[in-house]
2 protein chains.
Amino acid sequence: MLLSKTCTYGLLATLFVASQKGERDYVPIREISRQLNISFHFLTKILQRLTTHNIMNSYRGPNGGVRLAKTPDEISLMDIIQALDGNKIFEGCVLGLPGCGESTPCPLHQSWSQSRDIIIHSFMSANLANMSQEIQKGNLRISGMENWFTRKDD
Amino acid sequence: MLLSKTCTYGLLATLFVASQKGERDYVPIREISRQLNISFHFLTKILQRLTTHNIMNSYRGPNGGVRLAKTPDEISLMDIIQALDGNKIFEGCVLGLPGCGESTPCPLHQSWSQSRDIIIHSFMSANLANMSQEIQKGNLRISGMENWFTRKDD
DNA sequence: TATAATTCAGACTCTTTTATCTTTAATTTA
DNA sequence: TAAATTAAAGATAAAAGAGTCTGAATTATA
Ligand code: FES
Ligand code: FES
């Protein structure tokens, strides 16, 4: 897998928060958990990390929850991925050899570095503003059909 | 990580075997282990799986070891990757959502499917014949500098 | 036939990831 | 102040991946 579970959950949750309409300030984690069918406690930990990375703000107590720490156009998917998975996915040799570069290429370096650049560029240029618009229009989905059923709370 | 450790070890070992010169039939796993600095027993299991997938032939006893089951141009890197990591890497949504396609795209589908196609094409078109030539010429490396030191046998 | 070299097979341990459970702290509201 | 709501924090457990260990089976060679 390119992205860890932690990372995909973080991405989905952030996209969910970004695409929330309405005047309320904070979105409760429990609601995100239910809508996206992600374990509440697990999601809490993930969002805590996003909070410490200054991608989210959190607030405790009634009407509390999380919200974006910046405007949606200032947050790229790459920011979230790096906060949760680090950049070990994008740097380093795909075969695990020490070092990665044109000077000492492994057999996959040529094709991989090309693909990698495309992926990195995509993740950096994709920000929450663009995507949340499309999500609100219904052109993009951030959940499967499992949330047609309700998740049992944990 | 895109590829598991199992998979990268399998790729390196296969490339090593393919780039062996000489008239001997089988390459002992212990020698591959030493040259590539991979745990012998772990590598043994990996090569067993490649044997059952008809990528390698094995032979027991003195002068035994493994060899390619087909000619190098008949084995692509994709064959090895699929034998060891399956195709779950290449199929399915990068965000873990059920299903992946143009009809129900997730926010990363556009960029990911493009990158994915490039990667798949690279892995399918790269065969052992091409690569072992380059390795023998010294243009490609299949190990880091750790094999400048000897690995303690396990 | 005895011995050494080698793969095969399975159980086992260790580590990381993923997930759950419980308690604590902060905040609002009545 | 008391009660309810919510995130924070930590302990624990389950699952998967990575790696180790031991013994058995096969084969060549002396
Ligand atoms: S050296 Fe292997 S991917 Fe660059
Ligand atoms: S739907 Fe997510 S990658 Fe295709």
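Computed from a predicted structure; not experimentally measured.
Side-chain N/O atoms of A:Gln114 and A:Ser111 include no donor and acceptor closer than 3.5 Å. Side chain to side chain, A:Thr71 and A:Glu74 meet the donor-acceptor criterion of an N or O pair below 3.5 Å. Judged by distance alone, the side chains of A:Ser4 and A:Asp85 do bring a donor and an acceptor atom under 3.5 Å apart.
Counting only heavy atoms from C-beta on, B:Lys45 has its side chain closest to C:dA11 among C:dA11, C:dT18, C:dT22. Of all nucleotides listed (D:dA28, C:dC8, D:dG19), D:dG19 comes nearest to the side chain of B:Lys5. Of the candidates D:dA18, C:dC8, C:dA19, C:dA19 carries the atom nearest the A:Ser39 side chain, counting heavy atoms from C-beta on. You'll find that the side chain of B:Gln48 is closest to C:dA9, out of C:dA9, C:dA19, C:dT6.
Within the 4.0 angstrom heavy-atom criterion, only backbone atoms of the sugar-phosphate kind lie near B:Ile29; the bases stay farther away.
Note that CG of B:Leu36 is 6.0 Å distant from CG of B:Leu12, once rounded to the nearest 0.5 Å. Annotation: the span from B:Ser58 atom OG to B:Tyr26 atom OH amounts to 7.5 Å, rounded to 0.5 Å.
Against DNA chain D, the stretch residues 78-89 of chain B makes no heavy-atom approach under 4.0 Å. Annotation: proximity of residues 55-62 of chain A to DNA chain D (heavy atom, distance under 4.0 Å) is found for A:Ser58, A:Tyr59, A:Arg60, A:Gly61, A:Pro62, numbered in ascending order.
Atom CZ of A:Arg49 is separated from atom P of C:dA19 by 14 Å (rounded to the nearest Å). Per the geometry, CZ belonging to B:Phe42 stands 17 Å off P belonging to C:dA9, to the nearest Å.
Side-chain to base pairing of A:His41 with C:dT22: one donor and one acceptor N or O lie within less than 3.5 Å of each other.
Contact check for B:His109 versus B:Arg116: side-chain heavy atoms found under the 4.5 Å cut-off.
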